[in-house]
2 protein chains.
Amino acid sequence: MDYDKYAHEPFAVTVDLAVLTVTEGTLHALLVERGQEPYAGHWALPGGFVHPDESAETAARRELAEETGLSDVSGLHLEQLRTYSEPDRDPRMRVVSVAFAALLPDPPEPHGGSDAAEARWVPYDKAGPLAFDHDRILADAHELVGAKLEYTCLATAFCPPEFTLGELQQVYETVWGTTLDRPNFRRKVLATPGFVEAVPGAARLTGGRGKPAALYRAGPATALHPPLLRPSPEGRPA
Amino acid sequence: MDYDKYAHEPFAVTVDLAVLTVTEGTLHALLVERGQEPYAGHWALPGGFVHPDESAETAARRELAEETGLSDVSGLHLEQLRTYSEPDRDPRMRVVSVAFAALLPDPPEPHGGSDAAEARWVPYDKAGPLAFDHDRILADAHELVGAKLEYTCLATAFCPPEFTLGELQQVYETVWGTTLDRPNFRRKVLATPGFVEAVPGAARLTGGRGKPAALYRAGPATALHPPLLRPSPEGRPA
DNA sequence: CCCTTTATGGTCAGGATGACTAATAGTCCT
DNA sequence: AGGACTATTAGTCATCCTGACCATAAAGGG
């Protein structure tokens with residue numbers, strides 16, 4: 001890198017967050033309503049400028065805390081998605097945005113943060129046309145999370161500290177948009193060492209009817225070997 | 001994103017390229033020798049500033065062409081890796097770098113490009129301490145490529161337009177640092193529709209001894225279902 | 001001509017997966 | 001309280017995929 005050969009144009013660097021959660025069997029994204037031009041009145045992904053003294057990861061975590069009002073953002077899963085740098089993605093100036101996907105277990109009531117007119121959880125399908133290239137960012141986040149569910153233990157990031165296998169399966173089904181066989185899912189998860197570990201105090205749960213389910217915690221494993229492949233819709237995704 | 005709330009500090013945005021190739025059964029990376037401070041005399045990944053009118057992808061492709069001297073960079077595989085944005089990663093100023101992994105079939109002789117004192121192919125293992133955080137970027141690129149070989153058809157990007165299954169297997173073995181069973185590898189590859197397609201003119205090849213191998217081309221498939229998992233070194237990667 | 005080398009073809013057992021059936025243990029309704 | 005309902009948990013069975021092999025074919029080199 002030769003920094004002195006070209007006059008380096010200044011860029012603005014932002015972070016955009018695709019904050020995802022699973023509630024009521026549906027994938028939700030956290031959106032904010034823009035208060036100013038451009039795209040005033042449109043919905044957009046939360047985000048903001050990277051400060052001079054922080055990394056993109058730090059900025060993303062700060063924005064996440066501001067936007068969700070959560071105090072403990074340190075334990076949340078943050079995944080760097082991709083960087084979007086098309087020259088015309090912001091009509092006002094040259095903005096390079098580092099996008100992150102954040103996974104939340106329980107969706108807290110979003111209080112329209114510092115700079116957002118309003119913040120709301122919106123079902124993924126109904127996340128209408130968003131400002132800037134945020135539609136694509138959100139779609140990319142969905143795809144990334146869906147793929148990572150296959151070969152990592154990421155799914156537990158959508159669950160509270162203690163969860164049932166039914167809840168874990170719900171995460172897979174919701175993100176993938178499919179249904180899975182319950183006994184098979186159970187067998188697979190339990191056969192993967194370190195994925196989940198049973199909570200010894202044979203606890204129970206569920207506010208509904210049916211047999212109480214055993215509780216599990218996220219295990220130390222991060223990778224899934226062999227992976228848990230989502231069913232191919234057709235013959236083969238060629 | 002509220003662009004007017006904070007005075008947005010200007011950042012310099014660069015691209016860094018981890019250009020990888022497989023030659024003589026070894027993974028090689030393209031490195032350039034820095035001509036100026038900081039890290040003068042050290043080796044580094046090729047890269048440079050993103051121009052005001054181009055995206056990071058475009059900049060990466062341009063730098064790749066300059067650095068390798070290849071005229072046809074359009075067909076080469078470029079994969080966005082990650083963005084590195086630690087505030088202190090460059091001692092002089094605030095630089096945010098979008099890193100890419102580039103995969104080459106035949107390593108052309110690198111002509112020390114416009115701004116590089118010298119450019120050279122270096123075996124991956126011997127890519128000593130690099131400038132800035134480029135050691136980590138290179139390692140991340142290796143890990144990404146290794147993972148993508150498992151569940152995508154990326155391996156053909158390391159091969160010339162027509163190749164033998166032996167060469168394809170070589171790619172896997174070199175990147176993963178393992179050995180694979182030849183008949184099993186063959187069976188797996190041929191059983192995946194769209195991965196490779198035989199060249200009808202039952203051509204042959206190889207400059208050495210042994211039975212001539214059939215030639216194949218890259219197929220239309222991009223994903224590998226089910227994946228081609230690398231052998232787990234120990235019991236289970238927990 | 002024999003040996004080495006590489007490619008290709010095939011077998012065979014074990015593991016993983018998908019499709020089901022059945023039993024268990026609770027809540028809800030009447 | 002009893003029965004209906006529901007969700008969890010357990011288990012079976014055939015099939016596919018995989019890893020570990022062995023065998024054959026087609027070249028080149030002594």
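Note that the structure is a prediction, hence the values are computed from the model and not measured. The sequence lines fix the lettering, A, B, ..., with proteins before strands; numbering per chain opens at 1.
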Round to the nearest Å and state the distance from [X] atom [atom1] to [N] atom [atom2].
X         : N       : atom1 : atom2 : value
Glu150(A) : dT17(C) : CD    : P     : 12 Å
Leu180(B) : dC17(D) : CG    : C1'   : 16 Å
Leu168(A) : dT8(D)  : CG    : C1'   : 15 Å
Leu165(A) : dT24(C) : CG    : P     : 20 Å
Phe185(B) : dA7(C)  : CZ    : P     : 12 Å
Leu228(B) : dC16(D) : CG    : P     : 20 Å
Leu229(A) : dC16(D) : CG    : P     : 17 Å
Gln169(A) : dG18(C) : CD    : P     : 12 Å

Minimum heavy-atom distance [X]-[Y], with the two atoms named:
X         : Y         : result
Arg217(A) : Pro161(A) : CG-O, 3.5 Å
Asp16(A)  : Leu45(A)  : OD1-O, 4.3 Å
Arg61(B)  : Leu76(B)  : NH1-O, 3.2 Å

Identify, with sequence neighbours excluded, every residue that meets side chain to side chain contact (heavy atoms under 4.5 Å, CB included) alongside Ala99(A). Leu81(A), Tyr84(A), Ile137(A)
Is Lys188(A) close enough to dA16(C) that one of its side-chain N or O atoms is under 4.0 Å from OP1 or OP2 there? no
Please tell me which of the listed nucleotides, dA7(C), dT9(D), dA25(C), lies nearest to the side chain of Pro212(A)? dA25(C)
Here's a test of your reading of the structure: between Pro227(A) and Arg182(B), which maps to the more 5' nucleotide of DNA chain C? Arg182(B)
Close N or O pairs between protein and nucleotides 9-11 of chain C (under 3.5 Å):
from, atom 1, to, atom 2, distance (Å)
dG9(C), OP2, Arg186(B), NE, 3.3
dG9(C), OP2, Arg186(B), NH2, 3.4

Sequence neighbours excluded, the answer for side-chain hydrogen bond (donor to acceptor under 3.5 Å, both in side chains) partners of Lys148(B) is Glu79(B)
Could you work out, with side-chain hydrogen bond (donor to acceptor under 3.5 Å, both in side chains) as the rule, every residue matching Arg230(A), not counting sequence neighbours? Glu150(A)
Could you pull out the protein-nucleic contacts involving nucleotides 1-6 of chain D (nitrogen or oxygen on both sides, under 3.5 Å)?
none

Could you check whether Thr23(B) and His28(B), counting side-chain N and O atoms only, form a donor-acceptor pair closer than 3.5 Å? yes
Could you tell me which residues satisfy ring pair (Phe, Tyr, Trp, His ring centres under 6.0 Å) with Phe185(A), sequence neighbours excluded, listed by chain and number? Tyr172(A)
Please lay out, stage by stage, how Tyr151(A) and Tyr151(B) fare under the test ring-ring contact (aromatic ring centres under 6.0 Å, His included). CA-CA 10 Å; Tyr151(A) 52 94; Tyr151(B) 52 94; 4.8 Å; yes
